[in-house]
Amino acid sequence: VTVPAVGRRHAAPLVRSLRGAGLRVHRFTVPDGDATKNLRQVKRLYDGFLEKGLDRSSAVVALGGGMVGDLAGFAAASFLRGIAFVQVPTTLLAMVDASVGGKVGVNLAQGKNLVGAFYQPQLVLCDLDTLKTLPNRELRAGLAEVIKYGVILDEEFFGYLEEHVEDLNQRDPEVLADVVARCCQLKASVVEQDERETTGLRAVLNYGHTFCHAIESVSGYDRLLHGEAVALGMVLAARYSARHGDLSLTDAERLTRAVDAAGLPSEIAALQLP
Ligand code: GLY
């Protein structure tokens with residue numbers, strides 16, 4: 001399951017490789033954009049799966065960003081009560097966050113991600129070559145979630161990011177590989193301890209997301225990429241904490257500098273929201 005632009009760039013080698021392993025492969029393309037993450041598209045996938053004769057031995061491979069992973073993952077979780085699922089994320093954000101941890105689902109008219117499941121993929125395959133064609137803005141949006149891991153779980157990693165932000169902006173393959181691997185380790189360790197967000201631990205991954213969701217809701221979801229809203233949300237949360245005496249102003253400013261250095265928005269005023 002993929003979206004048109006990602007399919008054009010990356011589907012052929014994946015399909016070749018799966019066919020080379022003796023598997024039958026069918027390609028399902030869904031429209032791009034978060035508005036696609038809905039029950040109508042899930043139903044279209046079910047119809048396609050049935051038409052092509054998928055059964056309980058089949059697997060769904062999500063090739064793309066977070067939206068594709070959420071949508072295809074939810075279809076995999078529910079089709080025939082659940083068939084195998086593989087994530088092949090092609091954006092930095094999906095590699096470091098969305099593809100790991102098993103959250104899949106769709107939006108309803110009433111709100112985002114209101115229907116879904118915790119459904120772990122059998123495999124998450126991050127091929128860093130796919131990042132070579134990722135637009136700059138999308139790369140930067142992924143960096144917001146990367147910075148988030150440094151803030152919530154790993155100060156040393158945060159220092160590494162401060163030191164290597166230019167390498168990341170230039171897509172240095174070794175730095176990118178280190179960063180993706182570290183983020184996946186950090187996320188996996190949280191999810192292993194609190195898969196279903198029942199103890200409050202996994203909620204730490206939502207750092208910055210309260211302000212982020214408010215900003216996305218006010219700005220109509222199409223103005224900012226999710227990572228951009230996360231960046232702003234983290235800065236606002238840090239300033240809020242600093243104002244309430246729970247975080248030093250120095251740390252809040254350090255985060256703001258990291259967000260600025262990654263080319264992400266840190267000032268809500270600059271957005272001129274309605
Ligand atoms: N993106 C937050 C989580 O997976 O829990």
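Everything quoted here is computed from the prediction, not taken from an experiment. Counting starts at 1 for both ligands and their atoms, following the listed order.
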Engineer: Where's the contact between Asp97 and ligand 1, heavy-atom distance under 4.0 Å: side chain, backbone, both or neither?
Structural biologist: side chain
Engineer: For the pair Glu228 and Arg223, find out whether any cationic side-chain nitrogen is under 4.0 Å from an anionic carboxylate oxygen.
Structural biologist: no
Engineer: Please name all residues satisfying ring pair (Phe, Tyr, Trp, His ring centres under 6.0 Å) with Tyr160, sequence neighbours left out, ordered by chain then number.
Structural biologist: His164
Engineer: I need the minimum non-hydrogen distance between Leu264 and Ala231, along with the two atoms involved.
Structural biologist: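 Closest heavy-atom pair between Leu264 and Ala231: CB-CB, 3.8 Å.
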Engineer: For Phe118, give me all partners under ring pair (Phe, Tyr, Trp, His ring centres under 6.0 Å), at least two apart in sequence or on another chain.
Structural biologist: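 Ring pair (Phe, Tyr, Trp, His ring centres under 6.0 Å) check on Phe118 returns nothing, list empty.
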Engineer: Record the part of Asn206 in heavy-atom contact with ligand 1 below 4.0 Å; permitted values are side chain, backbone, both and neither.
Structural biologist: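 Answer for Asn206: side chain.
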Engineer: Just need the protein heavy atom nearest to atom 4 (O) of ligand 1, so name the residue and atom and give the distance.
Structural biologist: Lys187 NZ, 2.6 Å
Engineer: Where is the nearest protein heavy atom to atom 5 (O) of ligand 1: which residue, which atom, and how far?
Structural biologist: Arg202 NE, 2.7 Å
